[in-house]
Amino acid sequence: MLSSVSRKLILIAAMAVVFGLFAASLIDLASLYNDATKDYFFEHGFEETGSNNLVTGILLDYRLFDSLFEAGILLVAVSGVIWVSKHDFADKNPNFMIDKYKTPDLFISFARLVYPLLLAFGLYIILNGHLSPGGGFQGGALAATAILILYFIDKNKETDIKRIVTIEKVLYLAIILVALLSLFTRSTAFTNFVAPAAGRQWQVVYLVTLNVLIGLKVAFGLWTIFTAFLKEGR
Amino acid sequence: MDPLLTFIVILVGFYGLATSNNIIKSVFCITIIESGIILLFLNLGNFEGGTIPIIGEDVVAIVDPLPQALMITTIVIGSTVTALALMLCIKLFHHYGSIEWSKIFGKGDAS
Amino acid sequence: MANIALLLIFLPVLTAIVIYVLQPRRSHEIALVMQAVLTVFAVVYALHFQADFSETLIVIGGWEERIGISLLNDRLSLPFVFMSLFLWWMVLIYTYDEHDSSPTFLFFLLFLQGVFMGVLQTNDLFNLFVFLELMTIIVTVLIAFRKIGSSIRAGIYYLLINTAGVLAFLIGVILLYYSFGTLNIAAIGGEMAGHGDYRVIQLSFVLMMTGATVKAALFPLFSWLPKAHGAAPSPISALLSGIIVKAGIYMFIRLNDMFAPAGIEYETFFLIVGLATGFVGAVFAVLQTNIKELLAYSTLAQLGIILVGLVVMDGYSGGLLHVLNHALFKALLFLGAGLIVVVYRTKELAKIRGVAKSMPVTTVMMFIGMLSIAGAPLTNGYVSKSFITGALEGEPLLYYAVFLINVGSVAGFVKLSAIFFGEKKLSYPFSHIHKVLPLVLIAGACMAFGLFHVPLAETLLDVDLAHVSRFTLGGLLEFLVMVAFGALFVRFVLSRGFRTLARVGKFRLAFETANYLLVIYLAVLGVYFVLL
């Protein structure tokens, strides 16, 4: 076996090689650089999706299929974390439970103040996802953070994980259903079920609905993950 | 920021993966690589004078919105991988009393 | 008709969620019914296949092809679709009675099927990344499903190293996106011509191939495979070895197709990688003392032969045929080994004896599987192996290298076959028709692929196998020579119990070393493909 010093030297040399190759390839990239897609989004994105925020337009329309599985990956991870964390208390290592929830009072007082603001901000981001930076995923994460703070305020809060998980799964089914509606209205799956011709105010209905559903789903999913981790600590 | 700097972030993550014996560190190295990739992707699409990709009045040049949408996906994926890996870490600690690769794989089959 | 591609993905996913939420008592029956419906749709879909993809290309949302995500089925993906359908059938039948936590298991199993269909069908690079990560996470949970220490550590090892590999793949995707302005695989492939001299294209090839290498468990990044296969529940090992690892091979083919117009000469390098994978797998397989790890390392040996077949032959034909055949016999062996492990309650080869007397049907089926993997005439393994070696006729060095790999893996199975002989020892009574039925069906498929290889290969892969006969005297002699070599090796070398050999067999790569090799591999690939 190699000594640890020479091992590290070889590693650094290999990384230097990769870095050099990357630096060299950036020069080539400058001559190849192709931003036709950007121009397409700039010219057509607003009319086709009805979303001022093109990122939301891409997430909820052009690449909705990706977003469905992005939500799906969270769904699977939630179920996986729950499955792995279910355990008998008999095999628990007592050394692990050193932390007895020593939360400072100052933190709790501020958390009481911040909690409603955070929740409202999360909702705002979800609802305005098509107008300003944000959307379902970001707002959902914020709302979940608010719920996490709630655990610090109320130390004895118990959560029925099973119910949250069920709600999360049903929300995911609802997301797929809303995404599928376009199959019946426009005979092509996974796009806005309102055709661009119907006018922007109707397209927004779809965007807001889907953003709210995704936001709720993400919030519930992250909530479950927090709770599973907290139960590990308790 | 220069794309080269973001690539250094990625390499730092790989360096950590290749040298650290601690599982938590390995998980965080994955996160570091991911952050580096996100920075790299956004950085390559950025240019002088580009504004955020929100269509409004007198917007003349936007940065590419597609990388931003893709990176949201990457962030979500990264967070789920981290969550699952950390939960597995906790379980491993319960089983083996350690979170070091060498100690965990040094021991025999626990079944 | 094109929407069936979406159905293939979403039907298993939705069924999985419904089963998870409702936890119905007859969840397994629901899964089987769903599987039947899915099979019918897949058959209808395949019957409508047109050579110009008019029926099998769908751009989701009806956008322009360069903008939206598209799903594409061609002559490459359809055989994989049917093979995965077949294997999921077998696993669903096999796991029929596992009552405890059955809905959760089914949730992950069916979700994995939908995701795997997505990996096979997607025509979008970033979408491929999403599906690969999703697959990694689900497989991790399935490996760790029994929640004992060894399975959890195998799970986290699998999760982290595969994520590292897939992230390398993602960097390649980024570079390609900025070079071509699209993520569509077919569109990038169409514009690839003349780009072979750009270093950014070469570098993205290197990064993406590194990802595929990790996923396909090729040398030197294979270390997760024996751990994962050894620790996972047997049906999951069968799926992993049979079809999930093949996702890496599939990526390898897809990416090579995409980069082919650029004229990157990858053959020599990956030929060496394939041979190295084969040798490592064959050597380590012989030295294992654990039945599942022996099978896992023999998967590596076969992966090496598959890679040689992919690289050497036109249109990947030999490798593809071996991919399908290997999926069959390795699934058969893992499912059979699972039964043996359940009955004898140990995985140690030395402690299992007299299987032939206590489990006669399983023994016959396992023997069919072992003959297939060893390449005995009249089996499917013989057909694909002689197809590959037939292409190596002009290069004696390669021919003998593959021959050596074969001898090594045959020796492993000679060692394995010791468990069937001997007196019936302590064993637990066991009779479940649904456990044995998948074995019989897969063994039947093995025989069918061996006996009717010409029409089957013609319909599935569009490969003409007329020149490969299912039985030749020379082939039989070659097989007997291999078995004799293997038996001699096991009798005179292994049974001596050399301590160095045992130590080599126990050698495992640590996690850091595996990642270390990942970086080194990246650098070597970079030097080879970009600088030279």
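Computation of the quantities below employed the complete heavy-atom set of this structure, encompassing side-chain atoms and omitting hydrogens, waters and symmetry-equivalent molecules. Lettering follows sequence order; numbering is per chain, from 1.
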*At a heavy-atom separation under 4.5 Å, does B:I10 approach chain C through its side chain, its backbone, both, or neither?*
side chain

*Tell me, for C:L522 versus chain B, whether the close heavy atoms (under 4.5 Å) come from the side chain, the backbone, both or neither.*
neither

*Where on C:A164 is there a heavy atom nearer than 4.5 Å to chain B: the side chain, the backbone, both, or neither?*
both

*Toward chain C, the part of B:L40 with a non-hydrogen atom under 4.5 Å*: side chain

*Just one of C:V119, C:V115, C:V139 clears the side-chain contact (heavy atoms from CB on, under 4.5 Å) bar with C:L134, so which one?*
C:V115

*asked:* Once side-chain hydrogen bond (donor to acceptor under 3.5 Å, both in side chains) is applied, what residue pairs with a partner in residues 67-87 of chain B remain, sequence neighbours excluded?
replied: A:E70-B:T73

*Where does the angle between the aromatic ring planes of C:H195 and C:Y198 fall among parallel (under 30°), tilted (30 to 60°) and perpendicular (over 60°)?*
tilted

*asked:* Using side-chain heavy atoms (C-beta onward) and a distance below 4.5 Å, is B:L92 in contact with B:I99?
replied: no

*Given a strict heavy-atom distance threshold of 4.5 Å, which part of C:T140 is in contact with chain B: side chain, backbone, both, or neither?*
side chain

*Does the side chain of B:L88 come within less than 4.5 Å of C:Y157's, by heavy atoms?*
no

*Does the side chain of B:L17 come within less than 4.5 Å of C:L518's, by heavy atoms?*
no

*Checking B:C29 against chain C: side chain, backbone, both or neither under 4.5 Å from a heavy atom?*
neither

*Could you point out which residue of C:D124, C:N184, C:N127 forms a side-chain hydrogen bond (donor to acceptor under 3.5 Å, both in side chains) with C:S70?*
C:N184

*Mind jotting down which residue pairs meet the salt bridge (Lys or Arg N to Asp or Glu O under 4.0 Å) criterion with at least one end in residues 198-209 of chain C? Sequence neighbours excluded, please.*
A:D28-C:R199

*asked:* Under 4.5 Å from any heavy atom of chain B, what part of C:L167 do you find: side chain, backbone, both or neither?
replied: both

*Contact part of C:V130 toward chain B, heavy-atom cut-off under 4.5 Å: side chain, backbone, both or neither?*
both

*C:L159 versus chain B, the contacting section by heavy-atom distance below 4.5 Å*: side chain

_Those residues that, when tested against C:E293, pass salt bridge (charged side-chain N to carboxylate O under 4.0 Å, His left out) (two or more places apart)_ = C:R508

_Are there residues of residues 21-28 of chain B whose heavy atoms fall under 4.5 Å of chain C's heavy atoms? If so, which?_
B:N21, B:I23, B:S26, B:V27

*Would C:F129 and C:F126 count as a close aromatic pair, with their ring centres under 6.0 Å?*
yes

